[in-house]
Number of protein chains: 2
Amino acid sequence: MAATINDVARVAGVSISTVSYALSGKRPIGEKTRQRVEAAIAELGYTPNAGARALAGRRTYILAVTEPVRPDTYTPAHMAFVLATATAARAYDYDVLLLTQDESLGGLQRVTTSRIVDGIIVLDVLAQDERAELVRSMGVPAALVGIPDDTDGLACVDLDFGAAAELAVDRLADAGHEVVGLLGHPESVYERGSNFTLRFRDAFLAHAARRGLQARFAMPERTIASVRSAMDRLLGPDRDLTGLVMHGEDTVQMRALDVLREQGLSVPGDVSVISAAATFDTSTFTPPLDTVPLIAEQSCSRAVELTIAQITGDAGPRVELIPPTYVERGSTAPRR
Amino acid sequence: MAATINDVARVAGVSISTVSYALSGKRPIGEKTRQRVEAAIAELGYTPNAGARALAGRRTYILAVTEPVRPDTYTPAHMAFVLATATAARAYDYDVLLLTQDESLGGLQRVTTSRIVDGIIVLDVLAQDERAELVRSMGVPAALVGIPDDTDGLACVDLDFGAAAELAVDRLADAGHEVVGLLGHPESVYERGSNFTLRFRDAFLAHAARRGLQARFAMPERTIASVRSAMDRLLGPDRDLTGLVMHGEDTVQMRALDVLREQGLSVPGDVSVISAAATFDTSTFTPPLDTVPLIAEQSCSRAVELTIAQITGDAGPRVELIPPTYVERGSTAPRR
DNA sequence: CTGAAAGCGCTTACAG
DNA sequence: CTGAAAGCGCTTACAG
């Protein structure tokens, strides 16, 4: 059988409370005592029993992460957020329990009331999100990666998609472009209220208007045919589009670049292109694309911090927007 | 505070052991007693405390799933396996703890010795896999999705990739094709010993030889340039290739179809194409592709079953190969 | 068919 | 700086 705290105490010649405190650091331990304890732990290969620790300490050091995988979700991006959450959690000695959408809200409820987890990370948040309601009503420590319409009493963190869109628009406007387009997500994504796509689109259109630009918008599906027709609409009958912002899946963006090539349009010679809020690496594209990156690690580690702060009682709900940055790779140029 | 088993017992007017047994079904309960217990549980919204249950019952009802995300891993496929595992686990009342590669083997060791999990599901197995060694040496209930070189003492399950390759080759050979090609994964995938890609390639080449076919093989990267040159080699200087089997990422396969189109080659008129061991939906491709599907749900639910059987002591290690099936979508035709 | 009680392996006041 | 002990909320022999 695995060694217990009693075994460690016996081998070290101390009491179990001393072993426990040596482990948690919650009270000062004499230097030689600490060494004896550490030696015993090493000798026995002792690891505390998680169940016992959870029962006595009322902490499981497990966080739930809920990531609904919907039919049109873009898996790689979502996977990146799940993994980033797991990695961030480990930095705080937390493990991560993965909740799929199968049970819908039931799973969240179950792991909370059975105290399997200390807190919850909510991914891929919708403008109206049932999970946000549940988290609010249960009062469980949690953070949302994404901003729902009603953030009251909730801890939320996300890239400032509005500012990201404005940054991209400004870049194009400053370079003298007057007709710009946004190649976005499939229509279904906007329709179900995916909050970040809406925030990006609205800010893009509003800021383009503010800067006096003519702005176009298209929502392609994944297929090449759909991308081709979306690009056709963006380029316009007169082919007068010179600034393109893409916010969507990598396959769609690659296809869009293929279409530009087909049309004999060069980047950035004829069209300046920015890949906005991309979770993938646009430096391997042909050509490499300027980007306002969406860094899963940033949002997720902040979400983990906000959740743990609630667990330890160090902080309450709050909304945090992460300021965007612009990464230049040579895919934009002044209008000619 | 959340209701405990004591609360339930008091409200129902029974002892806590009766409540416990009513919940577990491990001993018969009188009909009216059961009803009183159930009413009390419903009234109080009682859910057993997971930590206490784990400590007393020596079962956490949590499975670890280890999925190393390597630089060249194809995220959507791997995500599909992770999700399929989570879903399968829930069907047996298990939750899933996601282990990233950060801690490498440390995480596996930690969750095992601290008894956070009852068993382990190992995904994306290499021919030589450290995790397999660890699982073997710790004697923890586990199942691998994939077949390492040394399966001794291990429970493994996977699609029969060899048979899958043979099925594809037979399909082409039976249709009269004499020159066939395999568009595979990037070279790095084969080099690090990803077991299923190797099994597929070897069986493809061996069976093609057995059937008297000339066989070609290429390992493209993700870029269009790489796919184009790989396809160029497969088609051959005389453009005499008429049968193509693809085993790799969806983006690469889509690009390959683009290349055939560029070359003025029609599917299946000029080239018969089969997408082998695909985790994605090839029916949305242009044109829809015949496939020997790799169904994550199948492997993963079997892996979960094998693991739980070990936990409950109902079964030991074993290797299971899932027979492949052929799905026709009209992308193959007799050679003309 | 049901109950009283030991015990799972920890954490944390309480004492010194 | 350290120890003895209560208690966390369950499961499961042991008794009846």
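Chain naming here is simple, since letters A, B, ... match the order of the sequence lines and numbering starts at 1 in each. No hydrogens, no waters, no symmetry mates; every other heavy atom, side chains included, goes into these values.
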Output yes when at least one side-chain N/O atom of [X] is less than 4.0 Å from OP1 or OP2 of [N], else no.
X	N	answer
B:Thr18	C:dT2	no
A:Ser20	C:dT11	yes
A:Lys26	C:dT12	yes
A:Arg53	C:dT11	yes
B:Thr4	D:dG9	no
B:Tyr61	D:dC10	no
B:Arg59	D:dT11	no

*Upstream residue (5' side of DNA chain C) when B:Ile16 and A:Leu23 are each assigned their closest nucleotide*: B:Ile16

*Could you say whether B:Ala56 or B:Pro28 is positioned toward the 5' end of DNA chain C, judged by the nucleotide with the nearest heavy atom to each?*
B:Pro28

*For the residue pair A:Val65 and A:Leu99, establish whether any side-chain heavy-atom pair is separated by less than 4.5 Å.*
no

_For C:dA13, give the paired nucleotide (Watson-Crick: N1-N3 plus N6-O4 or O6-N4; G-U: N1-O2 and O6-N3; both under 3.5 Å), or none._
none

*Partner nucleotide, any strand, of C:dA4 [Watson-Crick/G-U, under 3.5 Å]*: none

*Distance, rounded to the nearest Å, where A:Arg58 contributes CZ and D:dA6 contributes C1'*: 13 Å

*A:Arg318 side-chain N/O to A:Ala155 backbone N/O, donor-acceptor pair under 3.5 Å*: no

Polar atoms only, N or O, under 3.5 Å: list the protein pairs with nucleotides 13-16 of chain D and their distances.
unit_1: D:dA13; atom_1: N7; unit_2: B:Tyr21; atom_2: OH; d: 3.3
unit_1: D:dA13; atom_1: N6; unit_2: B:Tyr21; atom_2: OH; d: 3.4

*When all nucleic acid strands are considered with a 4.0 Å heavy-atom cut-off, which category describes A:Ile29: base, sugar-phosphate, or nothing?*
sugar-phosphate

